[in-house]
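Throughout, residue positions are numbered sequentially from 1 according to the sequence presented. Since the structure is predicted, the reported quantities are computational estimates derived from the model, not experimental observations.
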Amino acid sequence: MLAQEKHAALPTPGALAAPKAFREDAGPSESLSAWMQRWVLGTAYALHPSRIADCPSLIAHTLADMARGGTRVPDPGRTWARPDTFAGVCRDISPETFLAAVRLGFFPWSHCGPLKWWTRKKRMVLFLGEHKLEKRTLREMRKNAYTVTFDTAFGEVMRACAGPRSYNWHALTWITPLMQRLYAGLHRLNHAHSFEIWNAEGRLVGGGFGISVGRIFLSDSLFSRERDVSKMASAALYFHLAKWGYVLCDGRDFTPMMDAMGFREITRAEYEALLAEHAHAGGHPLPWTVEADLATVAAWVTGLKHTGNAVETTKTRREPDVRMPQKTAGDATRPA
């Protein structure tokens, strides 16, 4: 039985809202104590020994760009080496300018102070035939004890990703109220999507959200309230992206979890070339609906492993046809 048919009591996505004009003063707000905590933690983050040397350059470039009026959409030819690929202060940012920047490889990000444009010298990406999971997670997925949905609880997922973790109450978040309003606008324009995982009692226990541009998906944040559920939900997302003809999922920065799941680093030039080819067309038409349960997703991941990441496995006709992009000569030396 398909995932969204298993629990009829689960919430279902509402009718898609018509796009609305972006307003910075609409949507979630922030208490004074939360604002102060974010500034204290953000300042501590910037002053960490590994980053403090970049602070004078960041302050100087930020002030200079603000004096020029800021940057509406960043120019790929105008970034600074220190701090790493900083591209200016966001000016008049909206969902539309956000998307224009994403298609050039940039993203808005800031813990505190003015929102700034960034890119990366190296990008952590998953080509959608290279996904891996450990045996323990695959065994849990075969039990089909959890249900995955898409776009059912976008706001709740985003707030959970922005909130403190049970293991780290003072976690610093970049998902500020302004970023939440931007993502909500992108969701109304059908470019931002959430993926949710629910336990047998119908409680939301994990998920994440990101942006779809053409045949590329940018996974921006995850959260989990039970063991391995974010890995299960992500695997379901990758299965569907592959089935729908997407080329890769962008995870941005290295994390041990992404490395273990098959993500690998590519250069900025390689990433921008993939965007130029795939970020302007394709993707999946609305609505985003789950078409396979976790047991089927587990069979797909296992099939990829057993066939050496083959384009197509022979275990079941329900598995997606994963077509791999051409690799460059340097790919053989990159972590898999």
Side-chain angles (χ1 to χ4, degrees), residues 11 13-14 16-46 58-59 62 65-66 69-74 86-102 106-118 151-166 168-196 204 206-213 218-225 230 252-253:
L16 293 170
K20 299 178 182 178
F22 176 69
R23 293 177 57 209
E24 286 196 6
D25 60 345
S29 59
E30 186 176 33
S31 68
L32 177 60
S33 61
W35 178 87
M36 291 177 64
Q37 176 177 301
R38 182 164 57 83
W39 267 86
V40 169
L41 294 175
T43 302
Y45 176 90
L58 176 60
I59 294 170
T62 296
D65 197 52
M66 290 176 69
T71 300
R72 191 166 184 269
V73 177
F86 172 66
V89 176
C90 299
R91 172 173 63 87
D92 300 330
I93 190 168
S94 68
E96 291 77 12
T97 56
F98 195 151
L99 288 173
V102 163
F106 294 91
F107 55 90
W109 185 87
S110 181
H111 291 128
C112 54
L115 195 59
K116 306 168 188 70
W117 293 116
W118 302 84
D151 291 336
T152 296
F154 184 88
E156 187 175 354
V157 166
M158 184 168 55
R159 289 188 294 273
C161 289
R165 304 304 197 234
S166 60
N168 188 5
W169 66 267
H170 59 279
L172 178 61
T173 184
W174 56 270
I175 310 172
T176 63
L178 172 56
M179 291 301 299
Q180 291 182 47
R181 293 192 288 271
L182 283 165
Y183 279 107
L186 287 164
H187 183 58
R188 288 193 294 269
L189 293 172
N190 308 317
H191 281 282
H193 297 277
S194 61
F195 46 103
E196 306 92 16
L204 179 67
F209 68 93
I211 299 172
S212 173
V213 285
L218 294 82
S219 182
D220 285 318
S221 189
L222 295 167
F223 82 99
S224 61
R225 293 169 180 158
S230 62
R252 192 180 299 166
D253 296 316

CZ/R72: more than 12 non-hydrogen atoms of other groups inside 6.0 Å: no
Inter-residue atom distance L204.CG - T152.OG1, 0.5 Å rounding: 9.5 Å
Qualifying residues under side-chain contact (heavy atoms from CB on, under 4.5 Å), relative to M36, sequence neighbours excluded: L32
Short side-chain to backbone donor-acceptor contact, W109 and W118, under 3.5 Å: no
Closest non-hydrogen atom pair, A153 against E196: N-OE2, 3.1 Å
Test ring pair (Phe, Tyr, Trp, His ring centres under 6.0 Å) applied to H111 and W39, W174, Y45, the passing residue: Y45
Set of side-chain contact (heavy atoms from CB on, under 4.5 Å) partners for V73, sequence neighbours left out: T97, A100, L104
Residue list, side-chain contact (heavy atoms from CB on, under 4.5 Å) with A87, at least two apart or on another chain: P74, T79, F106, W117
Partner set under salt bridge (Lys or Arg N to Asp or Glu O under 4.0 Å) for D65, not counting sequence neighbours: R68, R78
Salt bridge (Lys or Arg N to Asp or Glu O under 4.0 Å) pairs, two or more places apart, involving residues 33-46: E30-R38
side-chain contact (heavy atoms from CB on, under 4.5 Å) partners for S110, two or more places apart: L115, K116
Ring geometry between H193 and H187 (parallel below 30°, tilted from 30 to 60°, perpendicular above 60°): perpendicular
